[in-house]
Amino acid sequence: MLETENLGKTYPTGDEALRDVSVTIDGREVVAMIGPSGAGKSTFVRCINRLVEPTTGRVLLDDRELTGLDDDELRNARREIGMVFQEYNLVERLTVMENVLSGRLGYVSNWAALRRNFPPEDVERAYELLELVGLDDMENKRVDELSGGQRQRVGIARAVVQEPKIVLADEPTSSLDPETSRDVMELLTDIAVERDVPVLINIHEVDLAERYADRILGLHDGELVFDGPTVELTEESKGVIYRGEEPPESATAVGTTDPTDAETTGRRAEPEPLSAED
Ligand SMILES: Nc1ncnc2c1ncn2[C@@H]1O[C@H](COP(=O)(O)OP(=O)(O)OP(=O)(O)O)[C@@H](O)[C@H]1O
C-alpha cells in the first residue's frame with residue numbers, strides 16, 4: 001500500500017508544485033492522475049520515489065517511510081517501485097532481454113551485474129514477462145530496432161520484473177500514437193490484475209484515463225481537488241480540475257474513496273468511442 005501524507009513540494013525557484021496531497025493507493029487499482037499542464041502531476045510521481053525531494057509530508061510504502069531513508073536504504077526501497085517513463089529510459093544499444101533484466105540489477109551483486117550474470121529464475125521471470133507484454137521471440141533484438149510501442153512494452157516488463165509493490169507510470173503514452181496508447185493502457189491494466197499490483201499513471205489524455213482507470217486523482221495548481229471512482233468524474237469535476245472552478249455541492253469530496261474497495265472497478269462500463277484526433 002502506498003500512502004502520501006500532506007505531501008508538499010516547493011522548488012528552489014519558489015514554485016509551489018504540490019500542496020498537502022494525501023492519498024492511499026492499494027490492491028490492484030489502476031489510478032490515473034490528471035490535471036492541466038503544470039498542476040504537479042510529474043512532481044507527485046517523482047516525490048514518491050524521491051527523484052524529487054518532497055519539502056513537506058511523508059511517503060509510506062507498506063508502512064515503511066520512504067521520506068527520511070538514507071541513500072543505501074533508498075536504493076533498496078526503490079526496488080519496490082516499478083517506474084515506467086514517457087521516453088522509455090532504455091539502453092538503446094542493448095537487447096530487449098538485457099533491458100528487461102536490468103530491472104533485476106538492484107537484486108544481484110555488483111560483480112554479477114557487471115558480468116550480466118543473472119540467476120536462472122530472473123531469466124525465466126523475464127521470459128514470462130516478455131510473453132505477457134507481447135514481445136515473446138524478440139528477446140535478442142536491440143532496442144533501437146523497436147517501435148515506440150514495443151519500447152514501452154520493454155519498459156513495462158523491466159518495471160514489473162522488479163516485482164514491485166507499486167508501478168508508477170509517468171506519462172507513459174505521451175510519445176505514442178492513439179492506437180498504441182490504448183494498447184499500452186490496456187497492458188498496464190492487465191498488469192495490475194495479473195500481477196496483483198496497484199498502478200498509478202500520470203496522464204494528459206483524460207479520455208484514456210476515463211476509459212482505463214478505476215479511480216481518478218485530479219490535481220489543480222498543486223492541490224488534490226478530485227479523488228474518486230472514474231464513474232464519478234463529471235463535466236463539473238473536470239471544470240474543477242482543469243479550470244479551477246468551485247466544486248458543486250454534491251461533488252465527490254477528496255478522500256472519500258475507500259482504498260480497500262479496489263476489487264470494484266470504477267471504470268466506465270461503456271467507454272465512448274475515441275475520436276480520430278485523440
Ligand atoms: N525542476 C523544477 N524547478 C522549478 N520548478 C519546477 C521544476 N519542475 C517543475 N516545476 C514547476 O512545478 C510546477 C508543477 O510542474 P510538474 O511538471 O510537476 O507539472 P505537471 O502537471 O506534470 O505538468 P505537465 O503536464 O506539463 O508535465 C510547475 O509550475 C513547474 O513549472
Side-chain angles (χ1 to χ4, degrees), residues 2-23 25 30-59 61 66-67 71 74 78 81-89 148 151-152 155-156 159 166-178 180-182 184-185 188 198-213 215-228 230 233 237-245 247 254-255 274 277-278:
L2 174 82
E3 287 173 275
T4 69
E5 288 177 7
N6 305 104
L7 202 63
K9 173 68 185 176
T10 304
Y11 286 103
T13 49
D15 282 293
E16 203 179 356
L18 281 184
R19 284 175 240 196
D20 271 348
V21 177
S22 299
V23 293
I25 297 172
V30 177
V31 181
M33 177 166 263
I34 60 171
S37 187
K41 304 182 295 296
S42 291
T43 302
F44 179 77
V45 167
R46 283 156 193 258
C47 277
I48 291 172
N49 59 9
R50 291 180 47 203
L51 283 174
V52 165
E53 276 302 337
T55 321
T56 56
R58 304 200 306 159
V59 177
L61 189 60
L66 303 185
T67 30
D71 286 353
L74 183 61
R78 279 185 178 150
I81 302 174
M83 278 297 290
V84 176
F85 299 90
Q86 175 180 350
E87 296 296 340
Y88 326 120
N89 283 27
R151 284 174 203 215
Q152 196 53 294
I156 292 170
I166 188 165
V167 173
L168 304 179
D170 194 8
E171 297 279 5
T173 58
S174 290
S175 306
L176 304 174
D177 64 61
T180 315
S181 296
R182 291 194 284 275
V184 162
M185 289 296 286
L188 286 169
V199 177
L200 171 64
I201 308 168
N202 154 19
I203 188 157
H204 264 293
E205 300 99 323
V206 70
D207 49 354
L208 287 179
E210 287 184 285
R211 184 164 173 170
Y212 293 103
R215 175 177 162 202
I216 302 282
L217 301 175
L219 274 187
H220 182 86
D221 207 7
E223 275 182 58
L224 189 66
V225 294
F226 182 91
D227 178 0
T230 305
L233 184 76
S237 12
K238 288 182 202 170
V240 176
I241 299 168
Y242 285 94
R243 294 183 295 281
E245 293 166 1
V254 166
L274 299 172
E277 58 280 276
D278 290 323

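Since the structure is predicted, the reported quantities are computational estimates derived from the model, not experimental observations. All values below come from the heavy atoms of this structure, side chains included, with hydrogens, waters and symmetry mates left out. For this chain, numbers begin at 1 and follow the sequence in order. Counting starts at 1 for both ligands and their atoms, following the listed order.
Both the backbone and the side chain of Thr43 come within 4.0 Å of ligand 1, counting heavy atoms alone. Using a 4.0 Å cut-off between heavy atoms, Pro36 contacts ligand 1 through its backbone alone, with no side-chain atom that close.
Paired with Leu217 under the rule side-chain contact (heavy atoms from CB on, under 4.5 Å), one option of Ile201, Asp227, Ile241 passes, and it is Asp227. Paired with Leu7 under the rule side-chain contact (heavy atoms from CB on, under 4.5 Å), one option of Asp20, Thr43, Val23, Val59 passes, and it is Val59.
To the nearest 0.5 Å, atoms CD1 (Ile25) and CG (Leu200) are separated by 4.5 Å. Distance OG1/Thr56 to CZ/Arg19: 11.0 Å, rounded to 0.5 Å. A distance of 9.5 Å separates CZ in Arg78 from CG in Leu66, rounded to the nearest 0.5 Å.
For atom 14 (C) of ligand 1, a protein heavy-atom neighbour is found at a distance under 4.0 Å. Atom 31 (O) of ligand 1 is never approached by the protein to below 4.0 angstrom, counting heavy atoms only.
At a cut-off of 3.5 Å, with distance as the only test, no side-chain donor of Ser175 or Tyr88 sits close to an acceptor on the other residue.
In this structure, atom 10 (N) of ligand 1 lies nearest to the protein heavy atom Tyr11 CE1, 3.3 Å. The protein heavy-atom contact nearest to atom 4 (C) of ligand 1 is Thr13 OG1, 3.3 Å. Annotation: atom 25 (O) of ligand 1 to nearest protein heavy atom, Lys41 NZ, 2.8 Å. Looking only at protein heavy atoms, the nearest one to atom 26 (O) of ligand 1 is Ser37 OG, 2.5 Å.
Put simply, the side chain of Thr10 never gets that close to the backbone of Asp15: no donor and acceptor are under 3.5 Å apart. Of the possible polar contacts, none joining the Thr230 side chain to the Glu210 backbone as a donor-acceptor pair under 3.5 Å is found.
Comparing heavy-atom distances from atom 23 (O) of ligand 1 across Gly38, Ser174, Gly14 singles out Gly38 as nearest. Here the shortest heavy-atom distance to atom 22 (O) of ligand 1, taken over Ala39, Ser42, Cys47, Gly222, belongs to Ser42.
Annotation: Asn202 places no N or O atom under 3.5 Å from an N or O atom of ligand 1; distance criterion only. Residue contacts with ligand 1: Gly40 is placed with a nitrogen or oxygen under 3.5 Å of a nitrogen or oxygen of the ligand (distance criterion only).
The ligand atoms of ligand 1 that sit less than 4.0 angstrom from a heavy atom of Ala17 are 12 (O), 13 (C), 14 (C).
A salt bridge between Glu205 and Arg182 is absent, with no side-chain N of the basic residue lying under 4.0 Å from a carboxylate O of the acidic one.
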